[in-house]
**Q** 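Sharing a structure below in structure tokens format, with a few things to ask.
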Amino acid sequence: MNQKIILYLCLLAFGIAAPFLFPAFKLQISIMWILVVLSLTWDVQGGQMGYNTFGNIMFFGLGMYICSSFQIGLFFPLAEWTASGGEKTFVHTPTQFFQGFFIGLILAAIIPAIVAAIIGYGILGLRGHYFAICTLGLGIAAGEFAGGIELVGAGQGMTSPPWPKGIGDTELRSEFFYYICFLLMVFTFLFLRWAYSTRFGLVLNAIRDNEDKAEAMGINTMRYKITGWVVSAFFVGMAGGLMGNMIGYIEPVETAFAGRTFGVFMVLMAILGGKGTLWGPVIGAIAFHIFKEGFWTFFLGWQYVALGALIVVVVIFFPEGIMGWLREKYPERFGEIIDEEDRKAQVELK
Amino acid sequence: MRPVLSVEQVYKYFGGVRANENISMQVEQGSIVGLIGPNGSGKTTLFNSIVGTHPIDKGSIKFENKEVSTLPIPVIAKLGLLRTFQQTRIYGKLNCIDNMRISAKPAKDNLFSVFSTIPVELSDKAENLLNFVGLYQKRKLRAGDLSFGQQKLLELAMALMNEPKMLLLDEPTAGINPTLINGIIDRLIKVNKEFGITLLVIEHNMRVIMSLAQKIFCLAHGELIAEGAPEKIKNDKRVINAYLGAQ
């Protein structure tokens, strides 16, 4: 137990100190925390519940657009902002910027959560491949849809509000976003850690292992499935809002509803780390980010080939992911201590 | 004795297949009732109709005087009418204790109880019930690692964990080691007598069903062909013909 607390404190200390230890990688580590959030929340469906979704990216994009739109729309005419493509200079005062940022971030979590509840009610009745294909369609449709709305810049996208003038340089900006990202990641992790310890966690696992049985035992599975998706959408939406602010530019298909990159990454990260475990998605996201950045740096031009090769290796040699592999190898470390006598014992009914 | 389950003139067709035709049967409170019939005679279809897996074409099914034929599966289960499956269904990647813990009826069941904690006492109850079906030593194993027969026992224990009023058992002794069968009969009688659970049992093992049930219904080609006490069924010509073919 104590060991665990020390481990958590060390990680926390690392997270807090990281921008000073690796000042050149602040943005990279911020994105890494965002990736951890994406992979943790994807795992709620894909891992714990056994519903492979490709639609979570929808909430990411939605959060991104909602956050920036409110940040701008609260103080300036949004249509003029987007029409000028970032040329027209409305400037946020620091107060306006932070007010808008926090209101936008909260709405970027709540609105996708509501959308998830509504869509989930409609499609979470689908199972297996049908659900996966349906969510894949949703993700793509959302991108096309956003690309058609003039108010948010249609196909050319929109800029998110620039860092206000007069309160420090870009260093402060990246530190600010770094800590918000880190906080979001920690909060997501702690929330899920708690949620998995409640009835919610067990029911999700039951749905994964045998949904028909769960229903036959009187569990209202739909309620848990929707709740799970709402939870995911909440955190993914917030992550999207943050990401939009950090990179400064929102493009409907490339950054917001980026099914080709983030949408696939979140699945890969969770699988790489080990789906259905709490730490798997975290480890998977960190390992994936390091590999990815390495490939982009050292194999430029071949980066996607290298990434593909990595995926093939993982699927063939570690089908259960890093955590799954460790669990097979050291079950006693995961609390699976089984007495050999018990295992061999004959079942008797006297 | 009042009937706890009453099935009246139930019809279920799958396209041209007449799975159940004009089935009427009553199960009395606190009794053990058998359901027999050759393969494909519609026994499991009838189970599925009762617990709401599929809608019935005609007829009515009442559980404690409440029409259940139009209710969804979890709602019927919550009324206290549970079933086990012929091919075992357990949560394979969870260990036995967790399988049991999740099978208990939650104290509250609404939107706000989604994140409720699972009471600690449940683990004791789970261990007691696992002990009851002889699986105590296997409690920490993943349910998927158990043998088929052990999974059958686990499924029975899971159903008991839910404290149902009535239990539909689909072949409880299929795939179970013959030396354990007497133990199972004994357990099922205890479930009925001590826990007060009404049992409706599908069974192919005649020795089991004859020593267990007080009343037996026999289905063949989707129709009810005989009902009565075990002795009567044993000597019924239509039943013998259905099983062995007419001579």
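Letters A, B, ... mirror the listed sequences (proteins, then strands); counts begin at 1.
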**Q** For the residue pair B:Asn48 / B:Thr45, report whether a side-chain donor-acceptor contact shorter than 3.5 Å exists.
**A** no
**Q** Hey, does the Lys NZ or Arg CZ of B:Arg83 hover above the aromatic six-ring of B:Phe85, less than 6.0 Å from the centre and inside 45° of the axis?
**A** yes
**Q** So, for A:Trp42 and A:Phe60, is the gap between ring centers shorter than 6.0 Å?
**A** no
**Q** So which of B:Leu141, B:Thr179, B:Thr117 has the largest heavy-atom pair count under 4.5 angstrom toward chain A?
**A** B:Leu141
**Q** Do the numbers put A:Arg333 on top of the ring of A:Tyr330, so that NZ or CZ is under 6.0 Å from the six-membered ring centre and no more than 45° off the axis?
**A** no
**Q** Could you tell me whether A:Tyr130 atom OH has more than 12 heavy atoms of other residues or ligands within 6.0 Å of it?
**A** no
**Q** Taking side chain as everything from C-beta outward and backbone as N, CA, C, O, which of these in B:Leu81 sits under 4.5 Å from a heavy atom of chain A? Side chain, backbone, both or neither.
**A** neither
**Q** Under 30°, 30 to 60°, or over 60°: which ring-plane class applies to A:Phe191 and B:Phe115, parallel, tilted or perpendicular?
**A** perpendicular
**Q** Side chain, backbone, both or neither: which part of B:Val51 has a non-hydrogen atom closer than 4.5 Å to chain A?
**A** neither
**Q** Among the options B:Asp109, B:Leu135, B:Asn99, pick out the one with the most heavy-atom pairs lying under 4.5 Å from chain A.
**A** B:Asp109
**Q** With a cut-off of 6.0 Å (strictly less than), are more than 12 heavy atoms of other residues, nucleotides or ligands near NZ of B:Lys140?
**A** no
**Q** If you count heavy-atom pairs under 4.5 Å between each of A:Ser197, A:Ala214, A:Gly276 and chain B, which one has the most?
**A** A:Ala214
**Q** Checking side chain to side chain donor-acceptor pair (under 3.5 Å) for the pair A:Gln45/A:Asn52: CA distance, chi angles, key distance, verdict?
**A** CA-CA 6 Å; A:Gln45 279 77 49; A:Asn52 291 312; over 6 Å; no
**Q** Given the options B:Arg101, B:Arg139, B:Arg187, which has more heavy-atom pairs under 4.5 Å with chain A than any of the others?
**A** B:Arg187
**Q** Write out, in numerical order, the residues from residues 59-79 of chain B with a heavy atom short of 4.5 Å from a heavy atom in chain A.
**A** B:Ile73, B:Pro74, B:Ala77, B:Lys78
**Q** Name the orientation class of the two ring planes belonging to A:Trp279 and A:Tyr8 (parallel below 30°, tilted from 30 to 60°, perpendicular beyond 60°).
**A** tilted
**Q** Taking only heavy atoms into account, what residues of residues 219-231 of chain A are found under 4.5 Å from chain B?
**A** A:Ile219, A:Asn220, A:Arg223, A:Tyr224, A:Thr227, A:Val231
**Q** Are side-chain N/O atoms of A:Asn56 and A:Thr41 paired as donor and acceptor at under 3.5 Å?
**A** no
**Q** How about A:Phe187: does its CZ atom have over 12 heavy atoms from other parts shown lying under 6.0 Å from it?
**A** no
**Q** Taking the six-membered ring where the residue is Trp, are the ring centres of A:Phe59 and A:Phe235 under 6.0 Å apart?
**A** no
**Q** Are A:Arg127 and A:Phe131 in a cation-pi contact, defined as NZ or CZ under 6.0 Å from the six-membered ring centre and within 45° of the axis?
**A** no
**Q** Side chain, backbone, both or neither: which part of B:Met161 has a non-hydrogen atom closer than 4.5 Å to chain A?
**A** neither
**Q** Sort out for me which of B:Met158, B:Gln150, B:Lys105, B:Arg142 touches chain A most, counting heavy-atom pairs under 4.5 Å.
**A** B:Arg142
